[in-house]
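Everything numeric in this text was worked out from a predicted model, so none of it was measured. Below, read A as the first sequence line, B as the second, and so on, with proteins coming before strands; counting in each chain starts at 1.
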Protein chains: 2
Amino acid sequence: MTNSAPKRPNINTTPIDIQDYFKVAISVDCVIFGFDDNALKVLLIKCNLKEYEGSWSLLGDLVRPDEDLETASYRVLKERTGLDDLYLEQVQTFGGLNRHPAGRVVTIAYYSLVNIKHHQLKLSDNEVHWHPLNDITRLAFDHKKILDLCYLQLQKNIQEKPLVFNLLGNKFSLRELQHLYEAILGTKLDRRNFRKKISTTGLLIDTNEIESDVPHRPGKLYKFNYQKYQKQLQRANGSKPQG
Amino acid sequence: MTNSAPKRPNINTTPIDIQDYFKVAISVDCVIFGFDDNALKVLLIKCNLKEYEGSWSLLGDLVRPDEDLETASYRVLKERTGLDDLYLEQVQTFGGLNRHPAGRVVTIAYYSLVNIKHHQLKLSDNEVHWHPLNDITRLAFDHKKILDLCYLQLQKNIQEKPLVFNLLGNKFSLRELQHLYEAILGTKLDRRNFRKKISTTGLLIDTNEIESDVPHRPGKLYKFNYQKYQKQLQRANGSKPQG
DNA sequence: GCAAAAGTGTTCACATTACACCCATGG
DNA sequence: CCATGGGTGTAATGTGAACACTTTTGC
């Protein structure tokens, strides 16, 4: 913000009533990624605006007058997935003039990663469905653009921050984890190199359990070491360059 | 966004008139970095709100009703520096409830890099000044938080994208460039490794000129190879993982 | 000739890549 | 016994970090 109108008339050369500025609505849109059947999926809802009848859209809502952006995005996440202990990352803000038929709506995009199996029963609203990312070609509003950017952001982040564990169950095999990485990155990975890389992070805890019900030799099951991850994060931030 | 109120009453459990949502203002705030005297600087303006009298703030303005976010941010940049051929990067959006005394103002933060010498004469508004980044301890509103985040973003970006050349003159020596990197990263760099690294990018053009008026052996002067950089960008984006 | 910075290569540690075989399980 | 994936190591290559001496110029 905002050294706006009063004492600096040179900035706003065309005089506009200050009240004309306060006619925007803010929304949040959440790109909620899930992982199932070795495919990345996104939670979408049937759009209820006649302009986009039959289209799907991201999960979003207007930000309430008494609500800050984070509160709103976590509210949407909670309302749609029942989950409230997840990480939401702000990605970008979209403010095109005609992106919403109801008026000027500026939207802030967030993404989150959820375990499909953990909350699928809470999807009470049957207009909400998981869609394979690769099948999504069109969405309402500018939501396809938002989705693409959030996916790109996810691809970037996975290299630095192994937060993708949220997409898997509490316990998982290295195969599941590798398939997840492959789905996100859109590439095949070398099994031995992948396991070495993961193992050097030291972020996996061997549960001493193995898979069952797999039609092949069962793999070991691991848990994510959240504590150790938190400590690593703190160390990393503590040793940042000055500033 | 925005599957807002009408047909999905379960989302908004407390009924709020749709018009209550359209009472927000949007602003852009630009963190304009410059480089001079081997120090990173930021362009600040004296805040003209009585609530923050005497404080400095970032350069920002309300987004006009008929203006999208990019247009607004480039307008602010142009108005304050006279420059219109620069790169502006959106960093994050800040929407805290009480961040602005005039009402709910959600601001989108951008940063840009400008050459101080190239535009200093155009700073007609004498309430606008360059401030060494390291001297800035307080700003109006939440602008210190915004500044810190933009600086962090700049530090991240410099590793991947050598856009910082905008901070230097058309021709520059490797010493100037290294000092710039050191100022941004807040660290000392090894001269030989730095020159090797820069030289392998192939993005410098030897102008066959040398410095003058330096009290030591003059260094070669280089130009940034924008064309080659653009091509590298395109190649990099073309070979992205599928999506 | 002195101060100050330009210019220049090698070595080492570490990370990334490519690559192949035997093992355990379910069917 | 067959199919499927589990589990494992090594060599080659590339990348980042550390490090010292000679050269050129202004003063």
Side-chain angles (χ1 to χ4, degrees), chain A residues 35 37-39 155-156 158-162 168-169 171-223 232 235-236 239-241, chain B residues 37-38 155-156 158-162 168-169 171-223 232 236 239 241:
Chain A
F35 183 65
D37 290 327
N38 286 343
Q155 288 185 319
K156 274 187 199 165
I158 193 182
Q159 311 284 4
E160 313 171 346
K161 305 195 173 181
L168 297 173
K171 300 167 185 174
F172 49 86
S173 68
L174 292 177
R175 171 176 36 81
E176 293 177 282
L177 185 59
Q178 182 175 346
H179 283 158
L180 171 58
Y181 270 75
E182 290 176 342
I184 292 177
L185 295 174
T187 59
K188 286 284 172 196
L189 300 174
D190 179 89
R191 185 155 44 102
R192 276 174 292 188
N193 292 338
F194 178 77
R195 292 160 103 96
K196 199 190 314 168
K197 179 82 176 282
I198 294 291
S199 121
T200 58
T201 67
L203 291 175
L204 290 197
I205 301 170
D206 188 340
T207 65
N208 292 315
E209 297 173 60
I210 57 170
E211 294 178 291
S212 51
D213 300 321
V214 287
H216 54 75
R217 172 177 174 180
K220 286 184 174 184
L221 292 175
Y222 295 86
K223 289 193 298 186
Q232 287 185 5
R235 259 202 304 279
S239 65
K240 275 275 169 60
Chain B
D37 290 329
N38 286 343
Q155 289 186 318
K156 276 187 198 165
I158 194 181
Q159 311 285 2
E160 314 170 347
K161 307 193 173 185
L168 297 172
K171 300 168 185 173
F172 48 85
S173 67
L174 292 177
R175 170 176 37 83
E176 293 176 283
L177 185 60
Q178 180 174 348
H179 283 157
L180 171 57
Y181 270 74
E182 290 176 342
I184 292 178
L185 296 173
T187 59
K188 284 285 173 195
L189 299 174
D190 179 89
R191 186 156 44 103
R192 274 173 293 188
N193 292 336
F194 177 76
R195 292 162 103 97
K196 201 189 314 169
K197 179 85 173 282
I198 294 292
S199 124
T200 59
T201 67
L203 291 175
L204 291 197
I205 300 170
D206 188 340
T207 65
N208 293 315
E209 298 173 60
I210 57 170
E211 296 177 291
S212 51
D213 298 321
V214 288
H216 54 76
R217 173 177 174 178
K220 288 183 172 184
L221 291 176
Y222 296 86
K223 288 194 298 185
Q232 285 185 7
S239 65

Trainee: By nearest heavy atom, map Arg192(B) and Pro218(B) onto DNA chain D; which one lands nearer the 5' end?
Mentor: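 Result of the comparison: Arg192(B).
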Trainee: Looking at Glu182(A), His179(A), Arg175(A), which hits side chain to side chain donor-acceptor pair (under 3.5 Å) with Asn38(A)?
Mentor: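 Exactly one candidate clears the test, His179(A).
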Trainee: What's the CD-P distance between Glu182(A) and dG5(D), to the nearest Å?
Mentor: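 After rounding, the gap between these two atoms is 12 Å.
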Trainee: Atom CG of Asp190(B) to atom C1' of dG7(C): distance rounded to whole Å?
Mentor: 13 Å
Trainee: Closer than 3.5 angstrom, by distance alone: can the side chain of Gln155(B) be matched with the main-chain N or O of Ile184(B) as a donor-acceptor pair?
Mentor: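 Yes, Gln155(B) side chain to Ile184(B) backbone: donor-acceptor pair under 3.5 Å.
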Trainee: Could you tell me how far apart His179(A) (NE2) and dT4(D) (P) are, to the nearest whole angstrom?
Mentor: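 Taking atom P of dT4(D) as the reference, NE2 of His179(A) is at 13 Å.
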Trainee: In this structure, how many angstroms lie between the P atom of dG6(D) and the CG atom of Leu177(A), rounded?
Mentor: 12 Å
Trainee: Would you indicate which nucleotide in dA5(C), dC19(C), dG7(D) comes nearest to any side-chain atom of His216(B)?
Mentor: dA5(C)
Trainee: Find the distance Glu176(A):CD to dT4(D):P and express it as a whole number of Å.
Mentor: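 Distance, rounded to whole Å: 19 Å.
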Trainee: Rounded to the nearest Å, what distance is computed from the CD1 atom of residue Ile210(B) to the C1' atom of nucleotide dA6(C)?
Mentor: 11 Å
Trainee: Output the single nucleotide from dT8(D), dT17(C), dA20(D) whose closest atom is nearest the side chain of Arg191(A).
Mentor: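 The answer is dT8(D).
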Trainee: Give the intermediate values and the outcome of side-chain contact (heavy atoms from CB on, under 4.5 Å) for residues Leu203(A) and Gln232(A).
Mentor: CA-CA 10 Å; Leu203(A) 291 175; Gln232(A) 287 185 5; 3.8 Å; yes
Trainee: Is it the case that the side chain of Gln159(A) and the backbone of Lys156(A) share a donor-acceptor pair, with hydrogens and angles ignored and the cut-off at 3.5 Å?
Mentor: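 Side chain of Gln159(A) to backbone of Lys156(A), a donor-acceptor pair under 3.5 Å: no, none is there.
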Trainee: Hey, which of these two, Arg217(A) or Arg175(B), hits DNA chain C nearer its 5' end, going by closest nucleotide?
Mentor: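 Result: Arg175(B).
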Trainee: Quick one: on DNA chain C, does Ser173(B) or Lys197(A) contact a more 5' nucleotide (nearest heavy atom)?
Mentor: Ser173(B)
Trainee: Ignoring backbone atoms, test whether Arg195(A) places a side-chain nitrogen or oxygen under 4.0 Å from the OP1 or OP2 oxygen of dG7(D).
Mentor: yes
Trainee: Please give me the minimum heavy-atom distance between Ile210(A) and Leu221(A), naming the atom from each residue.
Mentor: O-CD1, 3.6 Å
Trainee: Using whole Å, what does the distance between atom C1' of nucleotide dT16(C) and atom NZ of Lys188(A) come to?
Mentor: 20 Å
Trainee: I need the CG-C1' distance between Asp206(A) and dG7(D), as an integer number of Å.
Mentor: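 Going from Asp206(A) (CG) to dG7(D) (C1'), I get 13 Å.
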Trainee: Does a distance-only test, which skips hydrogens and angles, find a donor-acceptor pair under 3.5 Å between the side chain of Lys196(A) and the base of dT10(D)?
Mentor: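 Indeed, a donor on one side and an acceptor on the other fall under 3.5 Å apart.
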